[in-house]
Structure formats: C-alpha cells, structure tokens
Amino acid sequence: MASDTSGAASSAADLKLQFAPFSSALEAGFWHQLTQKKLDDYRLDESPKCIKGYYYNGDPVGLPTRLTLEFSAFDVDGPTPARCCPAIGTLYNTNTLDAFKTADKKALLEKEAKEIWDAIQSGAALKDPSILCRFILLTFADLKKYHFYYWFCFPALCFPEGIKIVQQPSVLEQVFSAKQIAALQEAYDGLCLRRETSAVPYFLMKYTDDTVQLAPLGDWDTFFTDTKKVTVGVYDPCTLSQHPGWPLRNLLVFLANRWGSKLDTVEVLCFRDRTLQGSRSIQHSVVFQVKLPDLPDNSVCPKSVGWEKNPKGAMGPRMVNLSECMDPKRLAESSVDLNLKLMRWRLVPTLDLDKVVNTKCLLLGAGTLGCNVARTLMGWGVRHITFVDNAKISYSNPVRQPLYEFEDCLGGGKSKAMAAVDRLTKIFPGVNSEGYNMSIPMPGHPVNFSQATLSQAQRDVEQLEKLISEHDVVFLLMDTRESRWLPTVIAANKRKLVVNAALGFDTFVVMRHGLKKPPVSPKVSAGADSSPSCSSASSSSSTPAGSVPSIPGSSLFSNIPGHKLGCYFCNDVVAPGDSTRDRTLDQQCTVSRPGLAMIAGALAVEMMVSILQHSEGGYAVASSSDDRMNEPPTSLGLVPHQIRGFLSRFDNVLPASLAFDKCTACSPIVLDHYEREGFHFLSKVFNSSHSFLEDLTGLTLLHQETQAAEIWDMSDDESI
Amino acid sequence: MSSCVLEEESFHRCCQLLLQQSQQLGDGWSWEPVQGSQEGYLRKTALRSVAIDPRPVRDQAGSSSDCGQEEEQSAPVASADADTIRSDAEDEDDEDEGVCAACDGGSQVLQYEYHVLFSCSYRTPVLYFRASTLEGRSLSLEEVWGSVHPNFRVRLQSSPLSTVTQQEHPLLGQPFFMLHPCRTEEFMRPVLQAAQDQHRPVNYVLTWLSVVGPVVGLDVPLQYSTQLHPAASVCMDPADDGPG
Ligand SMILES: [Zn+2]
C-alpha cells in the first residue's frame with residue numbers, strides 16, 4: 001500500500017490507476033439542521049431522505065479531497081456554492097444506536113451501486129452524469145447526549161483487474177502550451193455559460209495546437225467523429241499530482257460499458273481550477289492516459305466499494321460529540337466562562353479567575369443579602385454555593401429577595417435554603433449548590449429545655465462546623481446579630497475567611513474578619529496575636545472612645561495586617577444576645593432602603609474577589625480610604641477591612657480596625673475555650689445571659705470603667 | 001457625524017459591490033438570503049490545515065474548556081463505542097486496490113465560516129464566525145485561538161477589536177462567536193474622515209472587514225483595494241454629509 005504509483009522505477013505497463021477517496025466534511029450547521037429535521041420533521045421516520053453535498057476543484061495543495069455537507073444539505077433544490085459540483089446522497093437516519101450498528105451496509109452499498117449501474121445502462125447518466133457521483137450517509141443522532149454517529153459511503157463500481165495507465169501522469173503545463181491552456185480555460189467558461197452553471201462535472205474535449213473545444217458528455221456521438229483519440233474531462237477535487245479524485249472512477253466504468261468495444265485508451269484531463277490572491281490557474285491540472293479495461297459481463301452490476309474509513313484508518317463509523325456546542329447547559333457554561341475571560345483579556349490581564357471560580361462559598365442566610373450575594377457570585381462564575389437558612393419564604397420576601405417568586409410563598413412557604421438552590425440551578429444549571437434548612441444556635445438563646453433540644457443544638461453545631469470546614473469563604477448574611485456569633489467563632493478557629501454584611505435603614509457595613517495566624521503550637525497561641533491593641537482612637541476627636549485605649553473604635557490606623565484585623569463583634573462593648581442594646585445594624589427591627597441589600601451584597605462579593613486576588617489573601621494588609629490614591633495592592637484594586645456605606649449621602653468609607661482583645665467572639669480567651677471545651681463551652685454561652693461572655697472577656701469590667709455603652713454604634717463621623 | 005454610521009440600505013449596497021469584486025477575484029464570498037424575509041448575510045468559508053497539537057484540538061470528543069472535566073472523561077468510552085461497530089462490507093473493501101494510500105497526517109484541517117450581518121442596534125456590520133473540525137464539531141474559542149500562531153495570538157487578544165462573545169446567530173439560531181461591534185464606530189470614524197477629506201469613495205463594509213477580519217484569521221486580499229473601482233462603488237459618499 002505504502003509504495004504506490006509514485007514509484008517512477010516501475011515500468012509503465014504496471015502502473016495502476018489509484019484514486020484519492022473522498023473525505024467527508026461536515027460543517028457545524030449540518031448537525032444543527034439534522035437535529036431540527038429529526039425533531040420537527042422526521043421524528044421516528046427512518047425512510048431514506050435525499051440530501052445534497054458538494055465538492056470543489058480549487059483547493060490549495062495539501063487539503064484532503066472532500067465531499068462537504070453544510071446546513072443547506074437538506075435543501076436539495078437550493079443553490080450549490082459557486083464553482084462547486086453538487087453530489088446527491090441518500091440519508092438513512094436510524095432511531096436507535098442498535099439500528100445504526102446493525103444496518104446492512106453491504107446491502108445499502110449494493111442498492112446505491114445498482115442505481116448507478118442502471119443509470120449507466122439506460123443512458124440516463126449520459127443526460128445527467130452527476131448521478132455517477134453519489135453518496136450514502138448513515139446516521140444516528142443521540143439527542144440526549146448530543147452524540148452523532150455517522151458513516152459515509154461513496155459508491156464506486158470496480159473493474160475486477162483494476163485500471164492500468166499507459167504512462168506516468170503529466171501536469172497540464174507540461175503537455176499544453178500557454179495558448180492551449182488559455183483556450184481550455186476559455187472553452188470551459190464558455191461551456192459553463194452555455195450550461196448556465198458555474199461548474200461542469202464531466203465533459204468531452206478536442207484540441208489542436210491553437211484551439212480547444214469542449215462539449216457535454218451527452219454530445220459524444222456528434223462530438224467525436226472517430227474514436228482514435230478521445231479526451232474526457234473530469235472536474236477533479238483531488239490536489240495530488242499522481243492521483244485523480246473519486247469522481248473519475250464511475251466515469252471510467254461508464255465509458256467502458258458504453259464505448260469500451262471501440263476504445264482502447266482514453267486521455268483523461270483531471271481539471272483543477274484554483275484562484276489564489278485573485279489570480280486563477282488551471283495549469284496544474286493533470287492528464288492521465290488510461291487503458292480502458294473490459295467489463296467481463298456488460299449486463300451484471302460490477303462489484304462496488306466505498307464505505308469511508310474512520311480517522312484511525314479502520315473500516316468503521318465515526319462519532320462526534322457536540323454537547324459543547326449543542327447542549328444548552330454546556331453552552332451556558334462556556335458562555336459564562338467566556339464572558340469572564342473577556343474581562344481578563346480585555347481589562348485585567350493578571351486576573352486569576354480560577355481562584356475565584358473554584359472558591360467554595362458558604363452563605364449563612366438566604367434572605368435579602370443572601371439572594372444578592374448568590375447572584376453576584378454567579379456573575380463571577382463561582383460554581384460552589386451553599387445556603388444555610390431556617391426560614392420559609394413569606395409573602396413580603398419575593399419583591400426584595402430576587403431568588404424567590406410569589407408561588408414560593410404558597411402553602412406556608414418553601415424553605416429558603418432549598419428554594420434558593422432550585423432557583424440558582426434554574427438560572428445556571430452548571431452551578432453546584434446545596435441548601436441546609438437549619439438554625440444556628442445563638443448566645444443568650446437557651447437550648448437546654450430538654451435533652452432533645454440540647455442534642456439538636458449539638459447536631460446543628462456539628463453540621464455548621466462541618467460546613468465551615470468544607471468551604472473556603474463564609475458569608476455572614478443573617479438578619480440577627482446574635483446568629484453571627486457562632487460562625488464567627490468557628491471560622492476564626494478554622495482560619496476561614498469571613499465576609500460579613502449587615503444593614504441598617506440606610507447604612508451598611510461590609511467587612512472581612514481578621515484572619516488569625518495559623519496556630520503555631522497549642523501553648524503559644526493564646527495572646528500571641530493580641531498584643532495590647534494600640535489604638536489610634538485618640539486621633540479621632542469626635543468620639544469619646546479616645547479615652548479607652550484598648551478599644552479600636554474608629555481607626556485611622558494604617559497598615560494593619562490581615563491577622564490583626566477585628567471581627568464584627570470587636571466594636572461591641574456588649575456581648576451578643578442582648579438585642580435591646582445595640583441594633584444600629586441588622587434589620588431585625590428595622591427595614592432597610594430596598595437598594596441597600598443589593599449594594600451591600602454586591603460589595604461583599606467584590607470584596608471577596610479582591611481579597612482572593614491578593615497574594616496574601618485574608619492576611620493582606622487592610623487598605624483604607626487614604627490608600628485610594630496609592631498604587632493598588634491587587635489587579636482589581638484595594639483590599640479594605642471594612643466598607644461602611646451611607647446611602648443618605650451616597651458615600652462609602654473604608655475604615656480599618658484592630659482586633660479587640662476583649663472581643664466576645666474572636667478574643668484569644670473565647671477561642672481558647674472553644675478549642676478546649678467545644679460544645680460544652682458553646683452550650684454555656686447559649687444558655688447563659690449575655691453577661692457570661694462579658695464576664696469571661698472582661699467586658700463587664702470595662703463597662704464599669706467607662707459607662708460608654710452606646711457610643712460604639714457606627715458613627716457617621718468616623719474615619720473621615 | 002452621520003457619515004460614521006451605516007444605514008441598512010447602504011450596507012446592502014456595500015455588500016453587493018463586495019460580492020462583485022469577490023467574484024472577479026474568486027474570493028469566495030456569497031450572499032445567503034434568509035427564507036421568507038428580506039434579510040440575509042455575506043458568507044465565506046475557508047479551510048486551513050493546522051499542525052496537530054496533540055493536546056487540545058485533536059480528540060474528537062475533547063473539550064479544552066476549563067470546566068468540562070467529567071464530560072471529557074466519559075467521552076472516550078462513547079467514541080470507543082463507535083469503534084466497536086463493524087461492517088460486513090469491510091472484508092471486501094479492504095481489498096480495494098483502486099484507492100491511493102492516505103497521505104494526510106501531521107496536520108488537521110479546520111473549516112472556518114464567516115458571516116457578515118447588519119446590526120440594527122449598532123448600525124454597523126457585525127462579524128460572526130465559527131470554526132469546526134471536518135466532523136462538524138465547533139471549536140471552543142480557546143481552540144480557535146490555539147490554531148493561531150502564538151506570537152500573533154497575544155497581539156490579537158490584546159487588540160481592542162478582540163471583544164469576542166458567544167452569541168446565537170440572529171438569523172440561524174445557532175451558536176457563533178461574534179466580534180462585538182461596540183468599538184466599530186470608533187475605529188471607522190478616522191478612516192471615513194480621511195476618505196472624506198480626500199474625496200475618495202470608500203466601501204464601508206470592505207474597509208471594516210479588512211480591519212476586523214485578520215483578527216480572526218479572515219484574509220481580505222489587497223486586490224480588493226487595488227482593483228479598479230467601478231464608479232458606482234461610492235457606498236459611503238462623503239458628500240452626503242455636506243450641505244451641497
Ligand atoms: Zn472580634
């Protein structure tokens with residue numbers, strides 16, 4: 001097989017004509033159209049359908065000889081692309097893979113070959129020689145997986161002994177003068193014009209030194225007055241210099257059947273006609289001198305071949321997986337990815353999208369904030385989003401909580417956590433989302449009414465610990481202050497990044513909690529991080545906090561590293577559990593301006609993304625409002641500790657504050673107790689009044705010293 | 001500056017002239033009407049043989065997108081399925097001595113399809129394109145970029161024209177990539193201005209195409225501009241804008 005006719009050493013008598021087979025070429029639109037036809041038109045109809053492909057003789061060298069089917073293949077009467085020859089085919093689309101596998105390929109081929117043979121014998125091929133170049137396409141479309149199985153056949157009738165050529169093939173410019181070539185081109189264009197087409201598949205040819213005459217195949221008897229020298233032209237899609245393409249094959253059988261008794265040799269012009277950069281050439285066409293073999297029995301259809309080999313060179317079908325371009329879910333995924341990548345390509349070349357997309361986010365709270373945070377995360381392509389909420393959707397929710405609808409409120413309302421997951425999946429099926437309908441135990445809300453409530457609380461704590469362990473970022477989005485305490489403690493213990501958002505009526509805070517340094521050794525951990533807070537509060541004359549050096553009220557302190565930053569509770573001088581004292585933020589008793597949750601939710605996510613882009617992540621030094629003029633620490637800009645927003649003024653400030661060593665949530669003493677005693681300690685916190693934590697951390701003492709109970713609320717003046 | 005936008009009528013005129021020139025140059029553009037409407041689009045297909053990069057493009061079931069991992073795992077099993085299907089006809093076919101030995105290998109052929117449509121909202125032409133293997137599998141954008149020479153790729157991706165999004169083809173309803181037209185007016189303005197200053201006729205669509213085409217591998221031969229303009233080729237007559 002490997003050493004073929006190109007071996008010049010072999011004597012001319014041994015030269016066999018070998019043809020370049022068609023390679024099937026399908027355009028993407030073909031499969032889309034087949035899918036439409038199958039769904040709208042064919043349905044379960046397996047009967048053969050007429051389709052149309054085309055081939056072209058103007059390819060540059062190196063391209064395979066192709067038979068192309070595009071989306072217009074089903075429109076048999078439609079136009080063929082200019083300068084291309086049409087080929088009519090039969091489509092057998094099976095309903096099952098099994099039917100595809102068991103289809104009798106031999107019978108299909110023989111049936112098609114018989115039709116070609118009949119057209120040859122009846123003379124129909126003389127009038128319409130395009131019948132010589134037909135094909136079969138066997139398909140099965142798996143529209144669940146978007147897998148398409150297919151097998152092409154280009155039926156060719158065979159001479160039992162093959163075909164001999166009497167001399168090496170010649171390139172046209174070696175045997176034709178420039179004048180003859182020009183005359184041939186002109187004659188071909190004239191023939192096309194007469195036939196009202198832009199390509200003629202087969203033609204007859206006569207020439208002298210000065211002239212070239214062409215005629216359609218049907219004019220044989222009038223065109224050739226004697227058969228001493230006969231030249232036929234074939235529109236040849238092959239680009240190999242030693243081989244003709246497939247369309248010549250059946251033509252030779254046709255000639256042998258019809259005029260074989262009168263003809264010994266035939267001159268064949270494999271007509272190739274290409275235009276490169278605006279200039280046309282046909283001189284690379286190839287001329288073969290073919291010894292026309294005898295057909296042993298002119299009445300019996302010769303043996304036929306033609307099933308296409310697969311890409312591995314074996315006799316077998318092909319399969320193409322189009323789920324990427326046809327499965328709507330995959331399309332949505334690739335579109336979302338592409339949109340994000342655009343941001344990188346166009347605007348932020350150093351953006352590390354993988355870091356964002358692969359971040360696992362735990363959303364504690366699926367209310368107004370949770371819904372908005374989830375949507376913004378989706379916008380960033382975050383795939384892993386988990387909700388925790390114990391509430392049901394009520395009638396007032398859908399207008400403010402964009403993951404819910406009126407229908408979700410009926411019958412007592414769906415669980416928010418579950419409904420949020422359903423909606424996310426509807427918005428984007430590629431998301432990996434789970435919901436947990438559970439409550440989070442809170443300080444000052446006893447759980448020891450019975451053994452059952454106690455063990456339920458223990459299970460809830462364990463579940464929450466597990467969830468926090470399994471995620472990378474914890475969002476605190478609840479509507480009560482107390483419920484933020486437990487996840488703050490657990491996340492601090494597990495060194496997880498916490499992003500916290502809370503709303504007032506027209507103010508909000510979005511902040512990252514300080515990320516404690518990894519525990520070095522159990523002994524040293526206490527106190528190591530909480531070097532006596534040197535507060536900058538003294539510089540802030542507007543607040544009496546200046547008199548309390550260990551409390552970082554509003555800090556203008558710059559360059560606080562991430563591990564020294566405070567948590568949500570660090571600014572408190574009362575332990576959570578006492579809602580009457582401090583509720584500037586959290587909307588339990590107030591209602592926010594409707595836009596506030598969207599703003600704060602979006603900022604919470606954008607803050608997370610900026611932190612993730614920083615090489616030190618949660619340990620990054622906090623940017624402050626003063627840094628707005630400086631070189632930003634990440635490709636996306638600043639990584640603040642807090643964003644405090646004032647909707648009345650449409651203004652945001654970026655304060656940063658130190659961790660408070662008497663904090664009821666993140667101080668070393670609280671974390672130590674949690675680490676050593678676990679649930680035992682937590683249950684004491686749940687079951688006791690708020691004074692338990694205040695006593696433990698020394699806040700009680702502090703109260704007695706300062707009596708400045710309410711001043712730690714967010715003050716509009718701070719940090720400015 | 002009304003001269004920097006394009007009316008649909010002018011778009012069609014520009015397309016007709018481009019088609020005439022394409023026919024003379026054998027450049028392969030055709031007009032595809034949409035059944036049952038006045039609309040249509042310019043279409044051109046091109047084949048390119050690319051050296052096989054064993055990693056991304058070759059696997060027929062493959063996807064080189066970042067998050068199709070599980071699917072990729074399962075696909076080879078399915079394609080193996082296709083391999084197990086055997087033919088009764090094959091034994092005889094193996095003996096076909098009339099076939100020349102395959103001489104491809106080392107390269108893969110990709111089919112590119114380019115469509116030029118008119119965007120009513122931007123009042124500019126818009127270029128849609130897709131590339132597929134000979135099996136008809138559309139390439140992801142990474143694969144398309146992957147088939148471009150690496151040096152060229154960086155330049156293209158940082159080009160202000162390379163805002164590529166995936167969009168449903170407005171007339172065919174099939175997924176295509178689209179060069180977003182948001183900056184078309186911006187880069188066409190100076191070109192049209194210059195033509196106006198020199199009282200030179202300009203084919204908006206052709207000029208635009210010669211700028212955006214190369215970004216996605218679409219070659220616009222120089223002969224289009226060197227070819228003698230028929231007098232009628234004034235598509236964007238700069239004089240339209242003036243008082244006279
Ligand atoms: Zn704290």
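Every chain is numbered from 1 and lettered A, B, ... according to where its sequence line falls, protein lines coming before strand lines.
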Between L63(A) and S49(B), is there a side-chain heavy-atom distance shorter than 4.5 Å? yes
Please report the interatomic distance CD(E324(A)) to CD(E143(B)), rounded to the nearest 0.5 Å. 7.5 Å
Evaluate side chain to side chain contact (heavy atoms under 4.5 Å, CB included) for V99(B) paired with R249(A), printing each intermediate quantity in order. CA-CA 10 Å; V99(B) 173; R249(A) 215 171 167 175; 4.2 Å; yes
From L172(B) atom CG to Q33(A) atom CD, the distance as rounded to the nearest 0.5 Å: 8.5 Å
Would you name the heavy atoms of A20(A) and C100(B) that are closest together and state the gap between them? CA-SG, 3.6 Å
The interface call for T68(A) against chain B, heavy-atom contacts under 4.5 Å, is side chain
Please classify the contact of Y150(A) with chain B as side chain, backbone, both or neither, using a heavy-atom distance under 4.5 Å. side chain
Given a strict heavy-atom distance threshold of 4.5 Å, which part of R66(A) is in contact with chain B: side chain, backbone, both, or neither? side chain
Does any non-hydrogen side-chain atom of L47(B) lie less than 4.5 Å from one of Y56(A)? no
Using modelled atom types and a 3.5 Å cut-off, is there a donor and acceptor pairing between side-chain atoms of E135(B) and backbone atoms of L26(A)? no
Write out all pairs satisfying salt bridge (charged side-chain N to carboxylate O under 4.0 Å, His left out) with one or both partners inside residues 16-40 of chain B, taking only residues at least two apart or from two chains. D27(B)-K44(B)
Are there over 12 heavy-atom neighbours, none belonging to K329(A), within less than 6.0 Å of that residue's NZ? no
Give me the one residue out of Q111(B), R43(B), E113(B) that meets side-chain contact (heavy atoms from CB on, under 4.5 Å) with E70(A). R43(B)
Between S30(B) and chain A, with a heavy-atom cut-off of 4.5 Å, which part of the residue counts as in contact: side chain, backbone, both or neither? neither
Using a 4.5 Å cut-off on heavy atoms from C-beta on, say whether the side chain of P64(A) contacts that of L134(B). yes
Which region of D75(A), side chain (C-beta onward) or backbone (N, CA, C, O), has a non-hydrogen atom less than 4.5 Å from a non-hydrogen atom of chain B, or is it both or neither? side chain
Given heavy-atom pairs under 4.5 angstrom as the criterion, report whether the side chain, backbone, both or neither of L331(A) touches chain B. both
Between Q166(B), Q167(B), E168(B), which is the residue that forms a side chain to side chain donor-acceptor pair (under 3.5 Å) with S335(A)? Q166(B)
Ionic contact status for E27(A) with R137(B), cut-off 4.0 Å: no
Go through the structure and list residues passing ring-ring contact (aromatic ring centres under 6.0 Å, His included) with H32(A), not counting sequence neighbours. none
Chain B shares the most heavy-atom pairs under 4.5 Å, among F30(A), F159(A), F71(A), with F71(A)
Among V357(A), I163(A), T275(A), which residue has the highest count of heavy-atom pairs closer than 4.5 Å to chain B? T275(A)
Okay, R83(A) and chain B: the region with an atom under 4.5 Å from a heavy atom over there is neither
